[in-house]
Amino acid sequence: MPELPEVETVRRGLAPAMEGATFSRVELRRPDLRFPLPQDFARRLSGARVESLGRRGKYLVASLSTGESLIMHLGMSGRFTVERGSDRAPVEDNRALGPEAPPDPRHDHVIFEMAGRGAGARIVFNDPRRFGFMDLVEPGGLETASHFAGMGPEPLSETFTPERFNATLKGRSAPIKAALLDQHVVAGVGNIYACEALFRAGISPRRKAASVAGARGVRLHAAIRAVLEEAIEAGGSTLRDFADASGGRGYFQHNFDVYDREGRPCPACGTSVRRIVQSGRSTFLCPACQR
DNA sequence: AAGTAGTCCTGAGTGC
DNA sequence: TGCACTCAGGACTACT
C-alpha cells in the first residue's frame, strides 16, 4: 500500500528526527525481513550521521557521513514511529483505507536510537508482514545498486516527460495497467495510483501499453503526476494532524475515485465501478469512462 | 526479451 | 464461537 506519496509522507515525517542526527544505537529484533539484513548492519550504522533523507520510487534513502547509504523499503505493511520521551507518533500515511490498529510491538523489527540533532529520538520500524526490508549500499554504489538499476524516472521530476513515457510504452504488448506497475517504466506507482491515474485519464487498464503511446500517453502522463501530487498534498495534512496530536485526531480521509469501490457509482458518470483481476492484482475501473 | 504466474508474510474479513 | 478459507500487494524468481 505504501506507494510513492505515502513513502514521501513518511520521508517528510522522518526527516526531522534523522537528518543531522547520528545513530547511537541500532537494535535488530528481527533481522529476517523480506531480505536478510547485512551481517554487520548495526555496526556499520553505529556512529554514522545522516546527511540527508531522500526518496527514490518507493525507497527511502538515507545518505550517511560514512559515504554509505541506508535503503529502507516499507513493503506492504511497514510503518515507522518516532518516539520522544513517552510520546510515540506514527509517521505513516497508509491509513488511506481506514483506521488501522496501533503497531503491535511484536512486529517492531528494527530500532534506531538517534543522538545529536533530534536527540533522544527513537525510531521504530514495525512490519507485520515483513515484506519491507533495509539494506546498506557502499559508497558510490547507489546508482548501480540492484534495487535501483534500471528503475524508471521519478514521476514528479523533470526527467519524466510525456515523450519519454510514450517512448517506453511503445512496443510493449502488456496491458497498460501492468506497465504502470513495472518500476522500470516509472518509479513509485503501485496498484492504487495506477488505477486512479488510468481512471483520471479515461484509459482502459486492459488496453495494450503500445496503444496508449501518443495522445493517450500525454493524458496518462499528466494524470499520473496529478494523482501523485494530490496524494502527497493530502499526506502532508495528515502529518500536521499527527504533529498536533491533540487527541481524538481523525483518520485521513482519502477519496479514491475507483480504487476499492467495486459496485459503487463512478464519480463522473454514475456507472457501477467494476473490479477485474490483471496479473493476479485487483484493478478497479469505470467501464463507461475508460476506453 | 518481454510477459506472467508463483512466492513470501500476517491480519482482516467472510461464510458456514 | 470457532474454524477454514480468501484476500491484500511490492518485488523477486522462475518459467514460457
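Computation of the quantities below employed the complete heavy-atom set of this structure, encompassing side-chain atoms and omitting hydrogens, waters and symmetry-equivalent molecules.
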Practice problem: May I ask you to say what A/Tyr59 touches in the nucleic acid, namely base, sugar-phosphate or nothing, with a heavy-atom cut-off under 4.0 Å? | Solution: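 The answer is sugar-phosphate, as A/Tyr59 gets under 4.0 Å only of primed atoms, P, OP1 or OP2.
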OP1 or OP2 of [N] versus the side-chain N and O atoms of [X]: is any pair under 4.0 Å?
{"X": "A/His184", "N": "C/dA11", "result": "no"}
{"X": "A/His73", "N": "C/dG10", "result": "no"}
{"X": "A/Gln183", "N": "C/dA11", "result": "yes"}

### CD1-OG distance between A/Ile176 and A/Ser211, expressed to the nearest 0.5 angstrom
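Here the rounded value is 8.0 Å.
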Taking [atom1] from [X] and [atom2] from [N], how many angstroms apart are they, rounded to a whole number?
{"X": "A/Leu180", "N": "C/dG10", "atom1": "CG", "atom2": "P", "value": "13 Å"}
{"X": "A/Leu74", "N": "B/dT10", "atom1": "CG", "atom2": "P", "value": "18 Å"}
{"X": "A/Asp127", "N": "B/dG11", "atom1": "CG", "atom2": "P", "value": "11 Å"}
{"X": "A/Asp135", "N": "C/dC12", "atom1": "CG", "atom2": "P", "value": "11 Å"}
{"X": "A/Glu3", "N": "C/dA11", "atom1": "CD", "atom2": "P", "value": "9 Å"}
{"X": "A/Leu181", "N": "C/dA8", "atom1": "CG", "atom2": "C1'", "value": "14 Å"}
{"X": "A/Arg56", "N": "C/dA11", "atom1": "CZ", "atom2": "C1'", "value": "15 Å"}
{"X": "A/Lys208", "N": "B/dA2", "atom1": "NZ", "atom2": "C1'", "value": "12 Å"}

Short side-chain to backbone donor-acceptor contact, [X] and [Y], under 3.5 Å:
{"X": "A/Gln183", "Y": "A/Met151", "value": "no"}
{"X": "A/Asp108", "Y": "A/Val124", "value": "no"}
{"X": "A/Gln278", "Y": "A/Pro205", "value": "yes"}
{"X": "A/Thr271", "Y": "A/Cys266", "value": "no"}

In B/S/- notation (B base, S sugar-phosphate only, - none; protein heavy atoms under 4.0 Å), nucleotides 3-9 of chain B written 5' to 3' is SSS--BB
inquiry  = Please pick, from C/dC12, B/dT10, C/dG10, the nucleotide with the shortest atom-to-atom distance to any side-chain atom of A/His107.
reply    =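 Ranking C/dC12, B/dT10, C/dG10 by closest atom to the A/His107 side chain puts B/dT10 first.
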Regarding A/Glu196 and A/Arg200, does a basic nitrogen lie under 4.0 Å from an acidic carboxylate oxygen?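 No, this pair does not count.
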Note to self: Check this for me, if you would: do A/Glu154 and A/Arg56 make a salt bridge, where the nitrogen-to-carboxylate-oxygen distance has to be below 4.0 angstrom?
What the structure shows: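 A/Arg56 and A/Glu154: salt-bridged.
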